[in-house]
Amino acid sequence: MPINAERSRKKLTSLKVNGRVYEKALSPISTLLEILREDLGLTGTKHGCELGECGACAVLLNDVPVLSCLTLAVECEGKEITTIEGLADGNRLHPLQTAFAELGAAQCGYCTSGILCVAKSLLDKAAQEKKSNPGRELSRAEIKEALSGNICRCTGYLKIIEAIELTAERLNLFHRCEPVREDR
Amino acid sequence: MTLKINEPKAKESTMAKAVQWIGAPLDRADGELKTTGKARYAADFPLERMVYGVPIVSPAASGSLIKLEVEAAEKLPGVLFILTHENAKKIFPIQNDFGTATKLAEGRFPLQDKKIYYAGQYVGLAAAETLEIAQEAARLIKVICKEERSALDSEEELPYSYFPDNNWGTPLPVIRGNFEKAFSNTEVQLKAVYTTPVEHHNPMEPHACTAVWDGDNLILYESTQWVVGARNVVADALGLPREKVRIISHFVGGGFGCKGFVWPHTLLAAMTAMHLKRPVKVVLSRSQMAAGVGHRPATHQELSIGSSKQGKLTAIKHHTITQTSFLDDFLEAAGGPTQSIYSCPNLLVSYQVVRLNHGTPTFMRAPGECTGLFALESLLDELSYTLNLDPIELRLNNLSDKSPEEELPWSNSHIKECYELGSKIFGWKERNPKPKTMKRKGFLVGLGMATAMFPGVRSPGAAKVKILSDGTAEVLSATQDLGTGTYTTMKQIAAEVLRISPHRIVSKLGDSSYPPAPVSGGSMTSASVGPAVKSAAEKAIEALIHISIKDSSSCLYHLPLEKIHAADGKLVYQDDPSKTEIFEEILKRNNLSHIEGESFVKPDNSAEGYTVQSHGAQFAEVEVHPLLGQIRVTRMVGVFDVGRILNQKTARSQAIGGMIMGIGMALHEKTVYDPRTGRVVTDNLCDYLIPVMADSPAVEADFIDKPDPRFNSLGVRGLGEIGITGVAAATANAVYHATGIRIRDLPITPDKLLKWL
Ligand code: FES
Ligand code: FES
């Protein structure tokens, strides 16, 4: 769509990201990805394709994963945006972050932010469901399904899957059949 | 870098009581930075008054540029500058050479003339206040070209191809004995043609450069596998003193070869920053990455193998037809493995290269090795069926204690153990050798194997090790960590020498102002930079000992220096272990903030008279749907002999990642060009298929882990590439075993199976 002065006129927008409210004059045609990275300095969210194909830019919008490269920032007013920078609780890392670091599930690390956001929503949802269904457990197939939109070129995924399983196990959401190899 | 809180685990050494940090499966030093979003990549430096640059590309594949119609774009509010060949800075000619660390990825500087070599070539850059405006400006600019006849079809261009006469100095063709004579006299003869398509690296981080010009100094935050090379090229080309240019690449979101040398967008960013005197950020789109930052060229490999009935190779011919651009003489040396693994007295390896109006190809993970092994290891599999021999036995039959190429003993080789351990883990014995005999849940099951290989490569490299007065230490080197684990392994090496825990050591890499290191390519970082870190750490300890024995208030005063060594963060006197002093005390008492050792290590001649090469054995299990031809790799095992392992955990990651990339090569990846326009059709991640989580099977990677001390002081050979090398062949062989159908054209897609099923 062509840009002209009218379309790109900035509009005062209030965005709530990781619990903090930012009041900013934003261009209505800017994507959430660009605003996060360029205007708010939250560069943890990555730009992999800008076409909705790679998942590197995934963030949580009201706890649901969205591709920030396909989301207009102005659409997010009034919603809770969570990015990788908001996953830890102060200095306490989210268990997913710990497990990813432990198992080496982040190699180059470029896909990691998106994957962690998607994985967090998967675990949160399962934990929620467990409240009404105590037997609820995640399966590897479910993990693979949830993360099917996130591409990683480095790891071959094995460690990513294992790190999510390890976290789920620690949160009582997963039952491991085989032990994880120490040196992997 | 943040420090890990947990005390890392080390390997127990039986030799000495000291802990052995090298080899320990330490967590990555950068794990926390990467899982919290704090690791900054080239496009992650928000700067005041940032300008966004979007390259303008040629729609034509050849010919010349007539003009750029920029008026509409210039009128767009927010547009700052349109860089074109008319206003571009004149670039100084440089020697485009790897040896002098001034290698260009594309052998031509941008915007210096009007010639067009490929569709997607940069003809300008639109710079604006926001990314959207810059994108829109680039879109509004009309690029008017005079198109000429383009060379877009390999077959059509074959008559104009050339026969390269060397590959990195090795004369071509490679000839041993007399192939023709031996082949015609041999008992068993096999011939086949194997083809592999163009592939793109597609690292998850696009190529990016943030250029900052402060009137005197140029800083580039650049996604590169070689900060030193980038610094040299950019400085020399722009006529700046090298010390005025600094390349920072703390984190690289994957490279796999395509970020090895400087591509033109980096210079566009630098030129624009110098012109506007503002920081400029250029991030390539996936479509720009498809056109102009390199790819693995396609190969057409004609292979003939002669063998005795017992399975002893008598003659091999490997002729590869491949492609390059009109700008560079790139060679995908697919014959490399053929001439260097199995002994065979009569051999002919030759090449023919076609020039196309495509961007310049470049090194992509195991360039030549993985394309060549697909052909060689597939044909050996075919031979094993012809001879009724187990594929592993056939390979064992043809190994030798000496390298077939140089006829020198191996510096260190454990290839047989790779087959042994690999087949044990994989369960090769359970394989029914007859094709189409194994089934599972309605699927045809096939098991295949292949040999993996990668030559041992090392270059000169330097590092500095500092011991600080707080008892911590730093390792500095202008090498880079592409996700490979260099931050972690380098501090493990330092820890082992300094005798302190690696959690007290910080690695500082990815900055051209540190001691110089080679390109992170050719799997050479560990073998090149590792020995420099070791030697620098030894020098740092030596310097500390010198201070202590001259320090009258030290209990080590005047003691013989050869009897003092480091242990547990202290200097200890051998004859009387009660005489010890901790590092920080010595430094503090002498009012020193730190003490350092720096070392520049060049490959010495200890490997002279030997051939250095890594090997491996790779196994794949596939399931093929008997009606739909759908193929799934269900299990993979790789066992590699790559010298000493610096970190079991990061090493395994590298190997597994390579193996999954191999699945991409075997089953999915293929770049398609529009035959009329020369543009890449698969210029996005939807059409260019990369393995996703659902494609990833159970993978096991293991190592022989025996040092190769002749190669370097650490005995390490490097392992970034070997993991991918045998996968395509192992998979193709497994598909044959499952279905009885031999696919000799990658990727192996269901449509190729369907007509035979
Ligand atoms: S950047 Fe949004 S999906 Fe790739
Ligand atoms: S770790 Fe590099 S893309 Fe996933």
Side-chain angles (χ1 to χ4, degrees), chain A residues 2-5 8 27 29-30 34 37-38 41-51 53-54 56 83-85 87-88 93 96-98 100-113 116 143-145 147-161 182-184, chain B residues 9 25 27-28 30-41 43-46 50 76-78 130-133 136 201-206 251-254 256 283 285-286 482-485 648-650 652-654 656-661 684-686 690-694 696 698-699:
Chain A
I3 296 187
N4 54 40
S8 49
S27 151
I29 53 167
S30 291
E34 197 198 343
R37 289 177 50 82
E38 306 300 335
L42 296 169
T43 53
T45 303
K46 298 300 179 212
H47 164 295
C49 66
E50 247 204 323
L51 296 164
E53 296 167 346
C54 74
T83 70
I84 184 72
E85 288 91 346
L87 242 57
L93 294 184
L96 274 169
Q97 293 172 308
T98 319
F100 267 61
E102 250 174 80
L103 296 191
Q107 267 171 240
C108 84
Y110 206 78
C111 66
T112 311
S113 305
L116 285 172
I143 294 171
K144 282 192 171 186
E145 162 90 47
L147 283 135
S148 57
N150 292 79
I151 303 179
C152 173
R153 191 62 156 157
C154 302
T155 61
Y157 303 102
L158 187 64
K159 299 206 178 180
I160 295 176
I161 298 171
E182 260 287 294
D183 54 356
R184 277 216 305 227
Chain B
K9 295 177 209 95
D27 290 355
R28 274 169 196 272
D30 49 16
E32 189 175 323
L33 290 178
K34 284 174 174 170
T35 53
T36 52
K38 287 186 193 131
R40 287 193 192 274
Y41 302 77
D44 294 351
F45 292 84
M50 185 79 89
L76 205 64
T130 71
L131 178 63
E132 281 86 7
I133 299 173
E136 177 69 1
H201 311 65
N202 271 320
M204 291 322 295
E205 180 205 21
F251 294 100
V252 182
F256 315 110
V283 180
S285 66
R286 285 287 155 190
L482 321 177
T484 42
Q648 285 286 345
K649 193 186 279 195
T650 55
R652 202 158 256 123
S653 292
Q654 278 295 294
I656 291 174
M659 285 161 78
I660 302 292
M661 198 179 260
N684 56 73
L685 297 174
C686 269
I690 288 173
V692 295
M693 208 172 258
S696 77
V699 205

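Throughout, protein chains are lettered first and strands after them, A, B, ... in sequence-line order, and every chain is numbered starting at 1.
- Chain B forms the most heavy-atom pairs under 4.5 Å with one residue out of Gly156(A), Ser148(A), Cys108(A), and that residue is Cys108(A).
- Arg153(A) contributes a side-chain N or O that, together with a main-chain N or O of His201(B), makes up a donor-acceptor pair within less than 3.5 Å.
- In this structure a side-chain-to-backbone donor-acceptor pair under 3.5 Å is present from Tyr157(A) to Pro691(B).
- No donor-acceptor distance shorter than 3.5 angstrom exists from the side chain of Arg40(B) to the backbone of Gly44(A), with no hydrogens or angles considered.
- The closest donor-acceptor contact from the side chain of Lys34(B) to the backbone of Thr112(A) lies at 3.5 Å or more, if one exists at all.
- When heavy atoms are compared at a cutoff of 4.5 Å, Lys144(A) approaches chain B by way of both its backbone and its side chain.
- Ser285(B) has its side chain out of reach of Glu50(A): every pair of non-hydrogen atoms, C-beta onward, lies at least 4.5 Å apart.
- For the options Glu85(A), Lys46(A), Glu145(A), heavy-atom pairs under 4.5 Å to chain B are most numerous at Lys46(A).
- If you tally non-hydrogen atom pairs under 4.5 Å between each of Ile690(B), Val283(B), Thr130(B) and chain A, the highest count goes to Ile690(B).
- Counting only distance, with no hydrogens or angles, the side chain of Gln97(A) and the backbone of Thr35(B) share a donor-acceptor pair below 3.5 Å.
- For Ser30(A), the parts sitting under 4.5 Å from any heavy atom of chain B are the backbone and the side chain alike.
- Contacts between Leu42(A) and chain B at a heavy-atom distance below 4.5 Å are absent for every atom of the residue.
- Taking Glu53(A) as the reference, Cys49(A), Leu51(A), Asn684(B), Leu685(B), Cys686(B) meet the side-chain contact (heavy atoms from CB on, under 4.5 Å) condition, with sequence neighbours excluded.
- Heavy-atom pairs under 4.5 Å with chain B peak, among Ile160(A), Ile151(A), Thr155(A), at Ile151(A).
- Using a 4.5 Å cut-off between heavy atoms, Ala56(A) does not touch chain B at all.
- Shown here for Gly48(A) and Pro206(B), the closest heavy-atom pair between the two residues is O-CG, 3.9 Å.
- Atom NZ of Lys649(B) and atom NZ of Lys159(A) lie 7.0 Å apart (nearest 0.5 Å).
- When the candidates Leu87(A), Thr83(A), Ile161(A) are compared by the number of heavy-atom contacts under 4.5 Å with chain B, Ile161(A) comes out ahead.
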